[in-house]
**Student:** 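Sending over a structure as structure tokens; questions will come in a sec.
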Amino acid sequence: MIGLLILVLFAMLGLAIDSGRSYVDRRDQQAAVDAAALAAGDWYENYRDLPNYAVPHSVVVYQNDLHFYGAVPTVIPIHGLVGPLGNLDQYTYNYTYPGGYSLQLIATNTQFNGYQFSFSSTHNLALAFMQIFGGPTTAFITATATAIVGNQRQTPALLTLATSAQIACSVQLQGAGQLTVLGDVYSNGAACLDANMHEAGNCYASTGNCSVAQFYCYNSTPGFIPYPPPCAGGDVQGGPIVPAPTLPDPNYLAGSVPYYPGIGAQLNRGGYTEMTPGSYNNFSISGGGCYWLDPGVYTWNGGYTSHGGLTSNELKAPQEEYWNGAGSTALADGSAPHPPSFWGGCSGTFNVTVVPAGGGNGMKHQSGLGNWGIELTSVRYDRFLDPTVLPDPCLAVPGCRRESAPSACQQVNTADISNQGIDVNITQNAPGAQYYAVYIDPNGCEASPANRSNFSYVGDFLAPGWTDGGGPPATGTGVPSWTGTLTGARNPAGTFWACAAPGVTICQIAYNNLNTPASTCQSQARAQNCTAPDDETAPQCFATCPAAATVPQSNNTMSLEWAPNTGGDVANENYCQVTPPSGTGDPAAACATAKITPGAVQFYFPAGACLDQNGNGSTHVFSGEQYNWIVIFQPPANNCSFQKLNGNANTQYIGSIYSPAASWDILGSDTSPLAGQVICFAAKVTGSANVGIDFNPNYSPAPPAARLIN
């Protein structure tokens with residue numbers, strides 16, 4: 001009996017030992033995949049590079065945790081397209097290791113829902129005792145972990161923080177006003193809505209009547225236009241979720257305010273007023289005029305009132321071209337179907353003339369005479385002064401170069417035997433332009449999109465009324481002569497390509513010296529024979545479709561900045577600086593690694609300072625990466641009550657509004673006056689116009705960091 005019991009005792013001891021070893025092995029693998037999944041998310045968030053950063057660095061973490069030292073094995077990933085429409089990129093990596101270990105890593109770009117990294121580790125653990133008693137020789141031990149980064153499913157378009165105990169209606173729709181929202185509406189209190197609420201997303205509230213809203217079709221693609229059901233494949237229709245748990249105040253910071261401590265100035269630039277960042281007391285516009293905003297933080301002590309004129313930091317070309325007539329002479333002049341130019345009567349203007357260039361300096365056309373097409377872009381250099389945001393390519397002089405989309409084309413004809421050159425004459429400076437880049441097409445003005453790249457870069461020319469000492473940055477001279485002929489071309493590095501004939505803009509160019517098509521260059525490394533920047537696009541259609549005739553054209557989209565990519569918009573809200581090293585980066589999230597948006601502004605309202613935006617005044621401003629895309633920042637000490645945000649066709653705050661203790665009364669028409677996220681104490685929509693909140697993840701605060709979801 002003792003001998004038999006000893007066998008049972010040894011069997012129980014063996015089971016305990018092998019079970020304990022299996023548990024330890026399982027725990028080791030779980031710790032390894034948890035750490036690796038979080039590391040993959042962190043590396044991807046920082047570099048947006050799957051094969052060179054996220055995958056190898058996370059696999060190293062897995063290997064080190066399990067004491068597999070050495071280089072990461074080289075594997076070729078399996079690529080596939082998944083999702084309802086088969087449009088989500090997925091890469092599968094399979095690794096094998098000594099001792100029966102294996103690892104599978106599945107990386108899936110779920111776009112709006114973030115990048116998902118799934119790790120699965122397996123091990124055939126050799127059992128020491130159980131096989132003696134007829135049991136299995138190995139135990140199959142597994143561990144899995146999934147991390148997600150960039151998930152914006154809980155980043156609502158409108159978040160009201162007030163609870164029912166603080167205010168009767170945290171979000172309220174009253175009157176005949178129609179509110180169209182792309183993204184979730186989230187109320188920590190009561191939602192008081194009606195059928196004029198068009199919600200492309202879910203409606204969350206602690207209480208209220210979310211169910212009466214009209215729920216539209218939703219897609220995570222930036223710029224998506226909501227529409228009523230039935231929904232197309234891949235688009236989804238939201239619904240009411242009441243009651244819902246409260247969302248906390250994210251407690252955003254405005255860290256760059258101390259780096260703009262001075263008093264702001266208003267400088268007369270002829271056709272417009274230039275404003276510098278800093279503090280302003282009781283700023284109010286009630287008349288006309290145009291106000292160009294230099295980049296930086298504007299502290300509005302006493303408030304900001306816009307009841308007239310146009311205030312913006314958008315850099316536009318003189319005589320904007322019609323977006324659907326790129327390369328042609330067609331202007332964005334408001335004549336049907338052409339939208340109006342952005343700056344209206346303050347827009348820059350120019351003309352071109354043929355002038356004598358002196359012996360040997362004339363233009364040479366292949367037929368002895370012929371047409372030349374001339375386009376201009378507005379150029380300026382801007383700095384960002386907060387040294388705590390790194391990397392900051394805009395910190396040192398001269399700053400970051402911004403270049404607008406091209407102007408409409410103007411055509412001239414030269415004769416070879418007459419030694420003729422071409423003068424470009426600025427008759428009114430474009431707001432914000434310090435320089436003008438000139439592009440020439442040896443075939444004249446060409447309306448065909450196929451010939452768009454025939455315009456070749458000639459050089460940068462100092463704008464009339466500005467001085468730079470031979471290289472950027474430029475400063476206004478204060479001399480009231482803001483017109484004149486462009487002379488003394490130089491490239492962005494400061495090397496002069498001056499025409500030998502004094503006072504002549506372009507000369508000594510032969511038809512066969514120009515590449516047709518011109519070369520696609522890195523977006524800001526302009527050189528002779530480089531193509532012009534990307535053209536503007538159609539006016540924004542959102543709450544009112546098609547877009548009203550008064551809505552101006554839009555900037556091009558975000559894009560990577562090296563060939564074959566052209567950079568998209570390289571002047572305004574869609575400008576990425578700096579994108580990843582050449583040859584890397586995610587085209588679907590081109591600006592994800594950018595730390596700076598050149599030209600961006602932030603409106604900061606200390607306690608007691610409120611905003612009053614009237615429909616007769618226009619404010620069109622964009623924030624940027626350096627401000628976490630918060631365009632209006634009102635700290636918790638600011639409790640302004642239902643500030644008026646009454647937009648018009650040219651009013652848009654591109655970025656997020658953060659007002660945790662202040663409330664908003666949103667009106668408006670024609671466009672979406674808010675292109676980002678709104679976080680406030682309470683909000684209501686009044687009036688009878690169509691109003692939009694367009695949640696665009698490109699213009700919203702950074703989503704949560706990597707976290708484990710499995």
**Student:** Testing the 3.5 Å rule here: is there a donor-acceptor pair between the side chains of Gln652 and Gln540?
**Tutor:**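 Yes, side-chain donor-acceptor contact under 3.5 Å.
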**Student:** Kindly write out the residues that satisfy disulfide bond (SG atoms under 2.5 Å apart) with Cys591, not counting sequence neighbours, or none if the list is empty.
**Tutor:**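 Applying disulfide bond (SG atoms under 2.5 Å apart) to Cys591 gives Cys576.
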**Student:** So Tyr575 and Asn555, side chain to side chain donor-acceptor pair (under 3.5 Å) or not? Walk me through it.
**Tutor:** CA-CA 10 Å; Tyr575 182 18; Asn555 295 307; over 6 Å; no
**Student:** Working to the nearest 0.5 Å, report the span between OG1 of Thr180 and CD1 of Ile225.
**Tutor:**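 So the gap between those two atoms works out to 11.5 Å.
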**Student:** Roughly how far, to the nearest 0.5 Å, is the CD1 atom of Ile657 from the CG atom of Leu611?
**Tutor:**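 Rounded to the nearest 0.5 Å, the CG-CD1 separation comes to 8.0 Å.
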**Student:** For Asp294, check salt bridge (charged side-chain N to carboxylate O under 4.0 Å, His left out) against everything at least two apart and list the hits.
**Tutor:**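 In terms of salt bridge (charged side-chain N to carboxylate O under 4.0 Å, His left out), with neighbours along the sequence ignored, Asp294 is linked to Arg380.
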**Student:** Would you tell me whether Asn219 and Asp235 have side-chain atoms, one donor and one acceptor, within less than 3.5 Å of each other?
**Tutor:**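 Indeed, the side chains of Asn219 and Asp235 share at least one donor-acceptor pair under 3.5 Å.
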**Student:** Just by distance, with hydrogens left out, do Thr537 and Ser554 show a side-chain donor and acceptor under 3.5 Å apart?
**Tutor:**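 No, no side-chain donor-acceptor pair sits under 3.5 Å.
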**Student:** Go through the steps for His620 and Phe342 under the test ring-ring contact (aromatic ring centres under 6.0 Å, His included), then give the verdict.
**Tutor:** CA-CA 10 Å; His620 190 117; Phe342 180 86; 5.0 Å; yes
**Student:** Parallel, tilted or perpendicular: which describes the rings of Phe605 and Phe603, with under 30° parallel and over 60° perpendicular?
**Tutor:**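 Perpendicular: the ring planes of Phe605 and Phe603 meet at over 60°.
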**Student:** Begin with the C-alpha distance, continue with both residues' side-chain angles, and end with the deciding distance and a verdict on ring-ring contact (aromatic ring centres under 6.0 Å, His included) for Phe117 and Tyr115.
**Tutor:** CA-CA 7 Å; Phe117 296 92; Tyr115 218 110; 5.2 Å; yes
**Student:** Using only heavy-atom distances, determine whether the side chains of Glu536 and Tyr322 contain a donor-acceptor pair under 3.5 Å.
**Tutor:**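 There is no such pair between these side chains.
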**Student:** Assess the pair Tyr272 and Trp292: is the distance between their ring centroids shorter than 6.0 Å?
**Tutor:**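 No; Trp292 has its ring centre 6.0 Å or more from that of Tyr272.
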**Student:** Check residues 247-257 and write down every donor-acceptor pair under 3.5 Å in which the side-chain atom is one partner and the other belongs to a residue at least two apart or another chain.
**Tutor:**
from: Asp249; atom 1: OD1; to: Asn251; atom 2: N; distance (Å): 2.9
from: Asp249; atom 1: OD1; to: Tyr658; atom 2: OH; distance (Å): 2.7
from: Asp249; atom 1: OD2; to: Tyr658; atom 2: OH; distance (Å): 3.2
from: Asn251; atom 1: ND2; to: Asp249; atom 2: O; distance (Å): 3.3
from: Ser256; atom 1: OG; to: Asp386; atom 2: OD2; distance (Å): 2.7

**Student:** Show your reasoning for whether side chain to side chain donor-acceptor pair (under 3.5 Å) applies to Gln677 and Ser700.
**Tutor:** CA-CA 6 Å; Gln677 183 185 31; Ser700 299; 5.1 Å; no
**Student:** Under 4.5 Å between any side-chain heavy atoms of Tyr216 and Glu199, yes or no?
**Tutor:**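 No, their side chains stay 4.5 Å or more apart.
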**Student:** Measuring from Ile148:CD1 to Tyr44:OH, what's the distance to the nearest 0.5 Å?
**Tutor:**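 Ile148 atom CD1 to Tyr44 atom OH measures 12.0 Å (nearest 0.5 Å).
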**Student:** Kindly indicate, with the supporting measurements, whether the criterion side chain to side chain donor-acceptor pair (under 3.5 Å) is fulfilled by Asn616 and Asn614.
**Tutor:** CA-CA 5 Å; Asn616 294 323; Asn614 185 278; 3.2 Å; yes
**Student:** Just checking, is any N or O donor in the side chain of Gln602 or Ser623 under 3.5 Å from an acceptor N or O on the other one?
**Tutor:**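 No, Ser623 and Gln602 have no side-chain donor paired with an acceptor closer than 3.5 Å.
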**Student:** When you compare the side chain of Gln116 with that of Ile709, does any pair of heavy atoms fall below 4.5 Å?
**Tutor:**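 Yes, at least one pair of side-chain atoms sits under 4.5 Å.
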**Student:** Show, in sequence, the C-alpha distance, side-chain angles and deciding distance for Trp300 and Tyr298, and conclude whether the ring-ring contact (aromatic ring centres under 6.0 Å, His included) test is met.
**Tutor:** CA-CA 6 Å; Trp300 303 113; Tyr298 289 76; 5.7 Å; yes
**Student:** With Phe681, which residues qualify under ring pair (Phe, Tyr, Trp, His ring centres under 6.0 Å), at least two apart?
**Tutor:**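 For Phe681 there are no ring pair (Phe, Tyr, Trp, His ring centres under 6.0 Å) partners, ignoring immediate neighbours.
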**Student:** Whether the Thr557 and Asn574 side chains hold a donor-acceptor pair (N or O, under 3.5 Å, no angle test) is what I'd like checked.
**Tutor:**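 Their side chains do not contain a donor-acceptor pair, so the 3.5 Å distance test is not met.
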**Student:** Give, for atom CG of Asp569 and atom CG of Asp535, the distance between the pair rounded to the nearest 0.5 Å.
**Tutor:**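 Taking CG in Asp569 and CG in Asp535, the distance rounds to 12.0 Å.
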**Student:** Supply the atom-to-atom distance Leu179 CG to Asn196 CG, rounded to the nearest 0.5 angstrom.
**Tutor:**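 Interatomic distance, Leu179 CG to Asn196 CG, rounded to 0.5 Å: 9.5 Å.
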**Student:** Restricting to side chain to side chain contact (heavy atoms under 4.5 Å, CB included), what partner residues turn up for Ser378, sequence neighbours left out?
**Tutor:**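 Residues passing side chain to side chain contact (heavy atoms under 4.5 Å, CB included) with Ser378: Leu315, Pro318, Ser404, Ala430, Ala433, Tyr436.
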**Student:** Are side-chain N/O atoms of Thr305 and Ser284 paired as donor and acceptor at under 3.5 Å?
**Tutor:**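 The answer is no; no qualifying pair exists.
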**Student:** List for me each residue that meets salt bridge (charged side-chain N to carboxylate O under 4.0 Å, His left out) alongside Lys644, sequence neighbours excluded, and say none if there are none.
**Tutor:**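 Residues passing salt bridge (charged side-chain N to carboxylate O under 4.0 Å, His left out) with Lys644: Asp665.
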**Student:** Return the OH to CD1 distance between Tyr304 and Ile285, rounded to the nearest 0.5 Å.
**Tutor:**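 Taking OH in Tyr304 and CD1 in Ile285, the distance rounds to 5.0 Å.
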